[in-house]
There are 2 protein chains.
Amino acid sequence: MTRIAGTPLSDIDKKLAESLGYSGTQTAAVVGITYRQLDYWARTDLIRPSLSDASGSGSRRRYSYTDLLELKTIKKLLDAGIKLEQVRKVFDYLREHVTTDIASAHLVIEGESVQVCDDGELIDVLKNGQGVLNMVFSMSGVKNELEADVADIASEILDEQPHRRIG
Amino acid sequence: MTRIAGTPLSDIDKKLAESLGYSGTQTAAVVGITYRQLDYWARTDLIRPSLSDASGSGSRRRYSYTDLLELKTIKKLLDAGIKLEQVRKVFDYLREHVTTDIASAHLVIEGESVQVCDDGELIDVLKNGQGVLNMVFSMSGVKNELEADVADIASEILDEQPHRRIG
DNA sequence: TCACCATCTCACATTGCTGTAACTACGAAT
DNA sequence: ATTCGTAGTTACAGCAATGTGAGATGGTGA
């Protein structure tokens with residue numbers, strides 16, 4: 001493909017965006033899940049790549065950094081023994097109630113309901129938990145871990161391709 | 001069965017029911033699960049009736065009150081979206097670390113580990129939860145609910161058999 | 001054009017049940 | 001004592017959810 005003068009900027013932006021994101025394989029590696037799992041989650045609408053979705057065989061998915069954070073959170077919940085069905089509910093909620101500063105919050109799951117709390121209200125919520133299971137999840141911890149994982153994978157990729165031109 | 005002067009029939013029946021425990025069908029009704037589910041859990045060793053286990057077709061399972069408490073707890077965990085596999089782990093732990101006063105405690109599940117905490121340590125445990133999901137569960141709430149359910153079912157059973165011969 | 005590799009499709013496995021049709025023990029009736 | 005009904009257990013088949021692996025398909029860049 002040749003760069004033509006007058007090419008719409010959006011094409012360039014799109015290319016840039018795609019180069020900035022993470023492929024399916026990279027994403028799976030960073031998050032610590034199998035590619036098949038990532039594929040399954042995308043096809044069943046749990047989480048789709050926000051930069052570019054697949055559109056037929058041969059196309060490429062591109063995951064954003066935020067996608068990685070969500071994926072890591074999903075994995076943590078699964079590791080803790082939560083059913084995927086419940087995880088879907090939690091993310092349905094989270095996507096409707098977008099918090100700007102999710103990393104500083106605690107996620108509180110109480111039966112069917114989900115809340116994002118800071119330390120103060122946390123205790124109250126727990127004290128009221130008569131006969132229900134309260135699940136508390138610190139998002140900042142997940143973000144820290146993700147940062148480390150991304151760095152690991154990034155350096156691996158650079159090591160594997162030392163010939164790549166950096167302009 | 002002999003009627004003793006001065007003792008209300010319901011008391012005798014209740015005592016008898018408690019001494020003999022609860023049948024599979026009764027247990028399922030009290031706990032709020034299907035009989036098939038209860039059967040599955042017994043056959044797969046999640047929880048077996050402690051008074052008398054099944055031993056071939058036609059035999060009878062007999063569940064104790066403590067069994068009911070455990071079953072109710074299991075149901076609560078499942079309702080909260082916990083995988084049965086994780087529930088098995090939690091109960092493996094609980095059966096090894098029997099607490100005399102389980103009803104006044106909180107159950108704290110953190111990844112693979114399980115703890116029984118009271119309010120004081122609870123907060124500390126949660127504050128340390130960097131990137132892991134903490135699940136907190138009040139056992140006293142479950143016990144209260146169970147008591148009500150048992151009373152309901154007991155009266156239902158008595159109502160259904162008003163024709164029972166006495167003497 | 002060709003190689004590469006991500007995506008897609010299909011088949012199969014496991015878990016956690018559910019439904020149904022035997023099967024059997026126990027108590028009551030005969 | 002024998003028969004009989006009922007309630008509970010068992011065996012077996014099947015279902016949905018959640019994947020996994022192998023191989024076909026098809027963009028993309030050199």
Side-chain angles (χ1 to χ4, degrees), chain A residues 1-3 11 14-15 18-19 21-29 31-49 51-63 71 74-75 77-79 81-89 157 160-161 163-165, chain B residues 1 16-17 20-49 51-63 71 74-75 77-79 81-89 91 157 160-161 163-167:
Chain A
M1 183 199 293
T2 318
R3 175 76 175 288
D11 278 7
K14 202 174 159 194
K15 272 235 157 334
E18 279 170 8
S19 74
Y22 303 82
S23 73
T25 312
Q26 285 168 5
T27 301
V31 175
I33 57 177
T34 64
Y35 172 79
R36 305 301 298 106
Q37 222 170 345
L38 185 67
D39 180 38
Y40 177 72
W41 293 352
R43 282 185 291 106
T44 56
D45 258 349
L46 172 58
I47 178 168
R48 324 183 71 127
L51 296 185
S52 76
D53 204 350
S55 56
S57 180
S59 64
R60 271 107 199 265
R61 297 192 180 102
R62 281 279 142 184
Y63 290 86
L71 284 163
I74 291 172
K75 179 170 165 39
L77 293 179
L78 289 181
D79 286 350
I82 310 284
K83 282 181 246 184
L84 195 64
E85 189 192 353
Q86 180 73 15
V87 174
R88 284 183 203 272
K89 282 184 197 164
I157 290 171
E160 281 165 14
Q161 306 179 343
H163 58 285
R164 177 180 291 181
R165 283 277 286 286
Chain B
M1 184 201 289
L16 192 65
L20 290 179
Y22 305 82
S23 75
T25 312
Q26 286 168 6
T27 301
V30 170
V31 175
I33 58 177
T34 65
Y35 175 79
R36 305 304 293 107
Q37 224 172 342
L38 185 67
D39 179 40
Y40 177 73
W41 294 351
R43 280 186 292 110
T44 57
D45 258 348
L46 172 59
I47 177 169
R48 325 184 69 128
L51 295 184
S52 76
D53 204 349
S55 57
S57 181
S59 63
R60 274 109 195 263
R61 297 194 179 101
R62 282 280 141 184
Y63 290 87
L71 284 163
I74 291 173
K75 177 168 167 43
L77 293 180
L78 290 182
D79 286 350
I82 309 285
K83 281 182 253 186
L84 195 65
E85 189 193 352
Q86 180 73 14
V87 174
R88 285 182 202 273
K89 282 184 196 164
F91 277 80
I157 290 172
E160 279 165 15
Q161 307 180 341
H163 58 284
R164 179 182 291 180
R165 286 277 286 284
I166 298 169

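Sequence lines set the chain letters: A, B, ... in the order given, protein chains first and strands last, and positions in each chain run from 1.
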Output the rounded distance in Å from CD1 (A/Ile33) to P (D/dT20). 9 Å

Touch check for A/Thr44, heavy atoms < 4.0 angstrom, all strands: base, sugar-phosphate only, or nothing? nothing

Tell me every residue that passes side-chain hydrogen bond (donor to acceptor under 3.5 Å, both in side chains) with A/Thr34, counting only those two or more places apart in sequence or in another chain. none

Can you check side chain to side chain contact (heavy atoms under 4.5 Å, CB included) on B/Tyr63 and B/Val30, steps first, answer last? CA-CA 11 Å; B/Tyr63 290 87; B/Val30 170; over 6 Å; no

Closest heavy-atom contact between A/Tyr40 and A/Arg88? CE2-NH2, 4.4 Å

For the pair made of NZ in A/Lys83 and C1' in D/dG19, what is the distance, rounded to whole Å? 17 Å

Between A/Asp79 and A/Lys75, is a side chain to side chain contact (heavy atoms under 4.5 Å, CB included) present by the stated rule, with each step listed? CA-CA 6 Å; A/Asp79 286 350; A/Lys75 179 170 165 39; 3.1 Å; yes

Could you list, one pair per line, each protein nitrogen or oxygen that sits under 3.5 Å from a nitrogen or oxygen of nucleotides 22-25 of chain C, together with the distance?
from: C/dC23; atom 1: O2; to: B/Ser57; atom 2: OG; distance (Å): 2.7
from: C/dT24; atom 1: O4'; to: B/Ser57; atom 2: O; distance (Å): 3.3
from: C/dA25; atom 1: O4'; to: B/Gly58; atom 2: O; distance (Å): 3.3

Roughly how many Å is it from CZ in B/Arg43 to P in D/dT9, rounded to a whole number? 11 Å

With a 4.0 Å cut-off on heavy atoms, is A/Thr25 in touch with a base, just the backbone sugar-phosphate, or nothing at all? sugar-phosphate

Rounding to an integer number of Å, can you tell me how far B/Ile47 CD1 sits from C/dC17 P? 14 Å

Would B/Phe91 and B/Leu77 satisfy side chain to side chain contact (heavy atoms under 4.5 Å, CB included), going step by step from the backbone distance to the final call? CA-CA 11 Å; B/Phe91 277 80; B/Leu77 293 180; 4.1 Å; yes

Interatomic distance where CD belongs to B/Gln86 and C1' belongs to C/dT15 [whole Å]: 15 Å

Nearest atoms (heavy-atom pairs only) where B/Lys83 meets A/Leu78: NZ-O, 3.4 Å

Between A/Thr25 (side chain only) and A/Tyr35 (backbone N and O only), is there a donor and an acceptor less than 3.5 Å apart? no

Among D/dG19, C/dT18, D/dT10, which is the nearest nucleotide to the side chain of A/Trp41? D/dG19

I need the single residue from A/Leu38, A/Thr27, A/Asp39 that forms a side chain to side chain contact (heavy atoms under 4.5 Å, CB included) with A/Arg61. Which is it? A/Asp39

Once you round it to whole Å, what is the distance between P of C/dT20 and OH of B/Tyr35? 16 Å

Here the distance between atom C1' of D/dT9 and atom CZ of B/Arg48, to the nearest Å, is 13 Å

Within the 4.0 Å heavy-atom criterion, would you say A/Arg61 contacts the bases, only the backbone, or no part of the nucleic acid? sugar-phosphate

Within the side chain of B/Ser23, is there an N or O that forms a donor-acceptor pair under 3.5 Å with the backbone of B/Arg60? no

In whole Å, what is the span from the CD atom of A/Gln37 to the P atom of D/dT20? 5 Å

Using a cutoff of under 3.5 Å, can you pull out all pairs of nitrogen or oxygen atoms linking the protein to nucleotides 13-17 of chain D, with atom names and distances?
none

